[in-house]
Undergrad: 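Can you keep this structure in mind? I'll have questions shortly.
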Number of protein chains: 2
Amino acid sequence: MSELQNPIEDYVSYALAAAHRAVNRSLVARLKKHGVQIEAWRIMEILDTGRRLTMGELAQIALINPPALSKLVDRMVSNGFVHRQSAQNDHRQVNLLITALGQKRMIQIRAEIQDQDDQILQQLGDEQTKKLLDILGGLS
Amino acid sequence: MSELQNPIEDYVSYALAAAHRAVNRSLVARLKKHGVQIEAWRIMEILDTGRRLTMGELAQIALINPPALSKLVDRMVSNGFVHRQSAQNDHRQVNLLITALGQKRMIQIRAEIQDQDDQILQQLGDEQTKKLLDILGGLS
DNA sequence: TGAATTTAGTTTCCAAGTCAATTAAATTCT
DNA sequence: AGAATTTAATTGACTTGGAAACTAAATTCA
C-alpha cells in the first residue's frame with residue numbers, strides 16, 4: 001500500500017508561512033510609511049500599555065530573540081522612541097520605556113494597524129477570525 | 001466614547017507570527033539534524049514531485065524572494081542537492097532539478113516532517129486542523 | 001530588420017539576525 | 001563572608017535576506 005504524497009499546501013507549516021508572509025507584506029508596507037518595522041511596532045504597542053517590562057519579558061511577548069531585541073532597541077533608542085532604565089531591584093535587568101515621541105508616533109501607527117486589521121476582519125468575517133485566533137492560540 | 005485598547009494577542013498579525021514562530025522553531029530543530037533549512041526543505045519537497053519549474057515559479061511556490069532563492073540555490077548546488085539547467089525554449093529561464101542525493105536525503109527528511117505534522121494534527125485535532133488550513137488559505 | 005522595451009535571473013551593497021562568548025550582577029553553598 | 005554558580009543583557013563574528021542595479025535573452029514595434 002503506497003502513500004500518496006500530499007501537496008505542500010497541506011502542511012500546516014507551509015500554510016502558516018504563506019499566510020504569515022501575505023499578512024506581513026501589507027503590514028510592512030504600511031509601517032514603512034511611518035519608518036518602523038513590525039517588531040518595533042510590537043515593542044511600542046506592548047510598552048504603550050504602561051506595563052513595566054524587562055528586556056527578557058519583552059523578548060518573549062514581542063516574539064524576538066534577546067540578541068535581536070538588544071540591537072533593535074539600540075536603534076529605537078537612537079530614533080528616540082524608547083529609553084532604557086536599569087531596574088532598581090535587580091541591576092542586571094533593564095526596563096524599557098516608551099518616550100513621549102514614541103507614544104505620539106503610535107497614535108498615527110495604530111490607525112494604520114487598525115485599518116489593516118479591519119481589512120482582514122472584513123476578508124475573513126467575524127466568526128472565522130475568532131475561530132482563527134482560537135486555533136492559532138493552540139499552536140503557540 | 002473611548003476605545004478600549006485590545007491586547008496585542010488579539011491582532012491577527014500577532015497571532016499568526018506567534019504560531020508561525022512556534023511551529024518553525026520545532027521544524028528548524030528537526031531539520032538541523034539533516035543539515036537543511038526550512039526553505040531548502042520546501043524547495044526539495046516541491047521539486048521532488050517531478051514538476052519542471054523555473055526559478056521564478058519556484059520562488060512563488062516556495063515563498064522565497066528571487067534574490068534569496070538564487071543564493072539559497074547556490075548553496076544547495078554546492079551541497080549537491082539540486083542542479084540548474086537552462087530552459088530549452090527560453091534561455092533566460094533556469095529549471096531547477098533535484099539530484100539523486102537530494103531525493104535520498106528527502107526520504108529521511110520527510111519522515112521527520114511527517115512526524116512533526118502528525119504532532120500538530122494530534123495537538124489540534126483533525127477538524128480544527130482542516131478548519132485552520134481552510135481559513136489560512138483565505139489569507140494567502 | 002534592428003532599435004527599444006520587457007522579462008528572468010543574478011549580483012552587489014548594506015541592514016538585520018543567529019549562535020556563542022562575554023560582562024556584570026545576583027544567588028547559592030560551604 | 002566569600003568562592004562558585006546562575007541569570008540578564010549585550011557584544012562579536014558570521015550568515016542570511018532585501019532593495020536596487022545589472023546582465024542577458026526574448027519580444028515588440030517602427
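In what follows, chains carry the letters A, B, and so on, assigned in the order in which the sequence lines appear, proteins first and then strands, with residues in each chain numbered from 1.
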Undergrad: With distance as the sole criterion, do the side chain of A/Lys71 and the base of D/dG12 form a donor-acceptor contact below 3.5 Å?
TA: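 Donor-acceptor pair under 3.5 Å: yes.
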Undergrad: Is the shortest heavy-atom distance from the side chain of B/Lys131 to the side chain of A/Gln128 under 4.5 Å?
TA: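 B/Lys131 reaches A/Gln128 side chain to side chain.
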Undergrad: Using a strict heavy-atom distance below 4.0 Å, which residues from residues 26-35 of chain A are in contact with DNA chain C?
TA: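 None - not one residue of the stretch has a heavy atom sitting under 4.0 Å from the strand.
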Undergrad: Verify, without hydrogens or angle tests, whether B/Glu39 (side chain) and B/Ile64 (backbone) share a donor-acceptor contact under 3.5 angstrom.
TA: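 Pair absent, no side-chain N/O of B/Glu39 close to backbone of B/Ile64.
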Undergrad: Provide, to the nearest angstrom, the distance between the CG atom belonging to B/Leu69 and the C1' atom belonging to C/dT10.
TA: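 In whole Å, C/dT10 C1' lies 11 Å from B/Leu69 CG.
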Undergrad: What I'd like to find out is whether the side chain of B/Met55 reaches to under 4.5 Å of the side chain of B/Ser70, using heavy atoms alone.
TA: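 Yes, at least one pair of side-chain atoms sits under 4.5 Å.
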Undergrad: B/Met76 CE to C/dT10 C1': how many Å, rounded?
TA: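 Interatomic distance, CE of B/Met76 to C1' of C/dT10: 17 Å.
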Undergrad: Hey, does A/Asn89 reach any base, or is it just sugar-phosphate, or nothing, if we go heavy atoms under 4.0 Å?
TA: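 Sugar-phosphate contact only.
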Undergrad: Between A/Gln37 and C/dG17, does any side-chain N or O lie under 4.0 Å from OP1 or OP2?
TA: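 Answer yes for this pair, as a side-chain N or O of A/Gln37 is under 4.0 Å from OP1 or OP2.
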Undergrad: Could you identify which residues of residues 50-64 of chain B place a heavy atom less than 4.0 Å from some atom of DNA chain D, listed by residue number, or say none?
TA: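 Nucleic-acid contacts, sorted: none.
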Undergrad: For the residue pair B/Arg21 and A/Asn65, establish whether any side-chain heavy-atom pair is separated by less than 4.5 Å.
TA: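 They are in contact (side-chain heavy atoms under 4.5 Å apart), so the answer is yes.
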Undergrad: Would you mind telling me which residue lines up with the more 5' stretch of DNA chain C, A/Leu72 or A/His91, judged by nearest nucleotide?
TA: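 Residue closer to the 5' terminus by nearest nucleotide: A/Leu72.
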Undergrad: Does a side-chain N-to-carboxylate-O contact under 4.0 Å join B/Arg84 and B/Asp74?
TA: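 Judged by the 4.0 Å cut-off on N to carboxylate O distance, B/Arg84 and B/Asp74 do form a salt bridge.
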Undergrad: Please check: side-chain N/O of A/Arg42 versus main-chain N/O of A/Ala62, any donor-acceptor pairing under 3.5 Å?
TA: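 Side chain of A/Arg42 to backbone of A/Ala62, a donor-acceptor pair under 3.5 Å: yes, one is there.
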Undergrad: How many Å lie between CG on A/Asp74 and P on C/dA16, as a whole number?
TA: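 Nearest whole value for this atom pair: 12 Å.
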Undergrad: Could you give the CZ-to-P distance, from A/Arg75 to D/dT11, as a whole number of Å?
TA: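 Checked: the CZ to P distance equals 13 Å.
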Undergrad: Hey, is the side chain of B/Arg84 poking within less than 4.0 Å of OP1 or OP2 on C/dT10, counting only N and O atoms?
TA: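 Result: yes.
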Undergrad: Measure from CG on A/Asn95 to P on D/dA8 and round the result to the nearest Å.
TA: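 The answer, rounded to whole Å, is 13 Å.
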Undergrad: Go through C/dG9, D/dT11, C/dT10 for me and flag the one nearest to the B/Gln93 side chain.
TA: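 Of the options given, the side chain of B/Gln93 lies nearest C/dG9.
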Undergrad: So for atom CG, which belongs to A/Asp115, do other residues, nucleotides or ligands contribute more than 12 heavy atoms lying within a distance under 6.0 Å?
TA: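 Enclosed.
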Undergrad: Can you work out whether B/Asn65 or A/Val94 has the more 5'-proximal nearest nucleotide on DNA chain D?
TA: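 Comparing both residues, the 5'-ward one is A/Val94.
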Undergrad: Measure from CG on A/Asp90 to P on D/dT7 and round the result to the nearest Å.
TA: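 My rounded result for the distance is 12 Å.
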Undergrad: Where the side chain of B/Arg92 is defined as all heavy atoms beyond and including C-beta, which of C/dA16, D/dT10, D/dA26 is the nearest nucleotide?
TA: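 Of C/dA16, D/dT10, D/dA26, D/dA26 is nearest to the side chain of B/Arg92.
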Undergrad: With a 4.5 Å heavy-atom cut-off, do B/Leu139 and A/Leu124 have their side chains touching?
TA: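 Answer yes - side chains close enough.
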Undergrad: ring-ring contact (aromatic ring centres under 6.0 Å, His included), that's the test. Do B/Trp41 and A/Tyr11 meet it? Break it down for me.
TA: CA-CA 12 Å; B/Trp41 162 66; A/Tyr11 285 104; 5.2 Å; yes
